[in-house]
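Along the sequence shown, the residues carry numbers beginning at 1. Values below: all heavy atoms of this structure, side chains included; hydrogens, waters and symmetry mates excluded.
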Amino acid sequence: QSCTLQQASFAVLSAAMSAETPSTVLEAHANHYAWNSDTAARKEELEKLGVVQGPTEIAGAKPSEVTAAAASGSAWNGAGTWEDRDISGKAITELKTRLKALSHSVEVAGHGPAVLKLVKVPTCTGTVTVVFSRGKVRPGYDLKLTTTWQLESSSDGAVIGKGKLTCEELEDVDIGEHELLVSCGSGGALSDASKRAVQGSASAINAVISEWFEALKAM
């Protein structure tokens, strides 16, 4: 008897749904047609008025204007995610220029005031990179450096000492504290005094390298 009642209830429900479905479906179709017709009419009206529909390019907008160029890297990296750029060529040239521009006053024992100059940079090899990551710029370098130095008397400009300054491992992890090895080209008391004067100028040379390091962020 339970099965008979369930079957009867299902039959009644099916009949009711069958009776309502046609009108419900027709009403839905009618509403959709009305909406579609209204949308088409609005689109046609907008086109007559010259209104451009859909996405448009903003004139003059460039990726480099969205984020600062120094923090976004290349044009393709407008999101400023991750980019490792090798700038060794121009960075090394810039470092050589800055080192050769050094003119640092020192005191040479047994002689007096003099000026330290880095005359040549025969060796400056390695890699210099700039990493762009999430809007930040992080320079890095791993170089081998050799320069020739000379001390010129402040009184008459005469050369009172000369030699070499080297750094086998010039790396960014030691920024501001690079260990610079000084050698002198001639012997004697004045030569030793000149060498000590150059060794005492390590902070001035490191300052040049530190300034160059900061300038890498804009390259």
Assess whether side-chain contact (heavy atoms from CB on, under 4.5 Å) is satisfied between V108 and I160, documenting all intermediate values.
CA-CA 9 Å; V108 181; I160 59 176; 4.0 Å; yes

Report the C-alpha separation of L165 and L181 in whole Å, then their side-chain angles, then the decisive distance to 0.1 Å, and conclude whether the side-chain contact (heavy atoms from CB on, under 4.5 Å) test is met.
CA-CA 6 Å; L165 183 149; L181 303 179; over 6 Å; no

Show your reasoning for whether side-chain contact (heavy atoms from CB on, under 4.5 Å) applies to V198 and L116.
CA-CA 7 Å; V198 177; L116 168 64; 3.9 Å; yes

Test side-chain contact (heavy atoms from CB on, under 4.5 Å) applied to L145 and V121, step by step:
CA-CA 8 Å; L145 176 69; V121 186; 3.7 Å; yes

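The pair E94-K90 does not meet the salt-bridge criterion, since no charged nitrogen lies less than 4.0 angstrom from a carboxylate oxygen. Under the 4.0 Å criterion applied to side-chain N and carboxylate O atoms, K117 and E152 are assigned as salt-bridge partners.
Side-chain atoms of N206 come within 3.5 Å of backbone atoms of H178 as a donor-acceptor pair (strictly under, hydrogens ignored). At least one donor-acceptor pair under 3.5 Å links the side chain of W149 to the backbone N or O of S183.
Nearest heavy atom pair, residue A193 against residue A109, reads CB-O, 3.4 Å. G161 approaches S194 most closely through the heavy-atom pair CA-OG, 4.0 Å.
For K164, the NZ atom is loosely surrounded, since the number of other residues' heavy atoms within 6.0 Å does not exceed 12. No more than 12 heavy-atom neighbours from other residues, nucleotides or ligands sit within 6.0 angstrom of CD on E179.
Expressed to the nearest 0.5 Å, how far NZ of K100 lies from CG of L118 amounts to 10.5 Å. Atom OG of S201 sits about 4.0 Å away from atom NE2 of H104, to the nearest 0.5 Å. In this structure, SG on C184 lies 10.5 Å from NZ on K162, to the nearest 0.5 angstrom. Note that the CD atom of E177 and the OG atom of S210 stand 9.5 Å from one another [nearest 0.5 Å]. For the atom pair K120 NZ and T146 OG1, the distance stands at 13.5 Å (nearest 0.5 Å). A distance of 10.0 Å separates NZ in K136 from CZ in R138, rounded to the nearest 0.5 Å.
Between V128 and W212 the shortest side-chain heavy-atom distance falls below 4.5 Å. No side-chain heavy atom of V137 sits less than 4.5 Å from a side-chain heavy atom of V131. A 4.5 Å side-chain heavy-atom check between L170 and I209 finds at least one atom pair inside the cut-off. The closest side-chain heavy-atom distance from S153 to H111 is below 4.5 Å. Annotation: side chain of T127 is not in contact with side chain of Y141 (no heavy-atom distance under 4.5 Å). Within the 4.5 Å cutoff, no side-chain heavy atoms of L180 are placed close to those of T166. Here the side chains of L95 and L143 are in contact, with some heavy-atom distance below 4.5 Å.
Applying the salt bridge (Lys or Arg N to Asp or Glu O under 4.0 Å) test to pairs two or more places apart or on separate chains, those with a residue in residues 199-215 are E214-K217.
Both F213 and M219 belong to a single network of hydrophobic side chains, linked directly or stepwise wherever heavy atoms of I, L, V, M, F, W or Y lie under 4.5 Å apart. One hydrophobic cluster, built from ILVMFWY side chains closer than 4.5 Å, cannot hold both V115 and L190; they sit in different ones.
Taking E107 as the reference, nothing meets the salt bridge (Lys or Arg N to Asp or Glu O under 4.0 Å) condition, with sequence neighbours excluded.
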